[in-house]
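Remarks on the structure that follows.
Keep in mind that this is a model prediction, so the values were computed, not measured. Computed from heavy atoms alone, side chains included, the values below leave out hydrogens, waters and symmetry copies. We name chains A, B, ... by the order of the sequence lines, and we start the count at 1 in each one.
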Amino acid sequence: MRVLNPDFFERPALEVAGELLDKYLFTRVNGRKCGGRVVETEAYMGPEDRASHAACGLTARNSLMYGPAGVSYVYLCYGMHFCFNVVCGEESTPGAVLIRALEPETGVDEMKRRRGGKVLRELASGPAKLTQALGIDMRHNGLKLPAVEIYLAASGIPPRAFLRGPRVGISKSVSLNYRFFIKDCRFVSGHRQRGGALQ
DNA sequence: TTTCCGATTGGCT
DNA sequence: GCCAATCGGAAAC
């Protein structure tokens, strides 16, 4: 295992999103280590990306997206769900990658407990499910990765084939293929893998 | 200060 | 397939 440092994220989010597939995401919350392989991500860019939080310029909420790469960006969605992103790209150039799903491997029992005893496949197959399973909330906003509570790492496993397609749950910039996911992986969000050209 | 609405999920029809 | 839950940021007034 090789821990990913900030320089890994000092590239456009669109590039990092594909690179993060098959990397490992770990958290240590309340002393309990959980994690697994990332199988689905989405890139969010600057003003040219209308679905991005940075679409309307700098605000108090999205300011982290304009900061240095490798910092966590966590926000509350629909008043009840948290989503976990990592800031990418050069400073003052807004960008981030949303981690949407992972394949649970470490701390499965704890993740099941946090998720109300769901089956393995339902533990982290969606951005809000993932944060719930890993114990991520607003306390983890603005962490410089790697941190004790959250870090990403690469392993020696050979990367799997992945697909690229439209993002999920947005109404703007729908035509952009900014979503990346492992081909034929049952741990990605949704019932089926929509869209996508093989990379 | 008020209103609108979202990078979602899960339960019900 | 449809819809409620729930709340903070951002824009409108």
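Nucleotide C/dA11 forms a pair with B/dT2, judged by Watson-Crick or G-U wobble geometry with both contacts under 3.5 Å. Pair check for B/dT8 finds C/dA5; Watson-Crick or G-U wobble, both atom distances under 3.5 Å.
Side-chain contact annotation: A/Glu149 with A/Thr27, donor-acceptor N/O pair under 3.5 Å absent.
Looking at A/Thr93, its side chain never comes within 3.5 Å of a backbone N or O of A/Gly89 through a donor-acceptor pair. Judged by distance alone, the side chain of A/Glu103 and the main-chain N or O of A/Val38 form no donor-acceptor pair under 3.5 Å. A donor-acceptor pair is defined here as one N or O able to donate and one able to accept, closer than 3.5 Å; such a pair exists between the side chain of A/Ser72 and the backbone of A/Leu143.
Taking the ring axis of A/Phe162 as reference, the NZ or CZ atom of A/Arg164 does not stay both within 45° of it and closer than 6.0 Å to the ring centre. Relative to the six-membered ring of A/Tyr44, A/Arg167 meets both conditions, a distance below 6.0 Å and an angle of at most 45° to the axis. Relative to the ring axis of A/Phe26, A/Arg28 does not place its NZ or CZ within 45° and under 6.0 Å from the centre.
Between A/Arg61 atom CZ and B/dG6 atom P the separation is 11 Å, expressed in whole Å. When the P atom of C/dG9 is taken as reference, atom CZ of A/Phe82 falls 12 Å away, rounded to whole Å. For A/Leu58 and C/dG9, the CG to P distance is 14 Å, given to the nearest whole Å. In this structure, A/Leu98 atom CG and B/dG6 atom C1' are separated by 13 Å, rounded to whole Å. Between the C1' atom of C/dA10 and the NZ atom of A/Lys172 lies a distance of 11 Å, rounded to the nearest Å. Regarding A/Met65, its CE atom lies at a distance of 10 Å from the C1' atom of B/dA7, rounded to whole Å.
Listed pair A/His53 / B/dA7 meets the phosphate criterion, a side-chain N or O lying under 4.0 Å from OP1 or OP2.
As rounded to the nearest Å, B/dC5 and C/dC3 have C1' atoms that lie 15 Å from one another. Between the P atoms of B/dA7 and C/dA11, the separation comes to 14 Å (whole Å). Nucleotides B/dC12 and C/dT6 are separated by 15 Å at their P atoms, to the nearest Å.
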Between protein and nucleotides 8-13 of chain B, map the contacts as a letter string: B base, S sugar-phosphate only, - none, heavy atoms under 4.0 Å, written 5' to 3'. BSS---
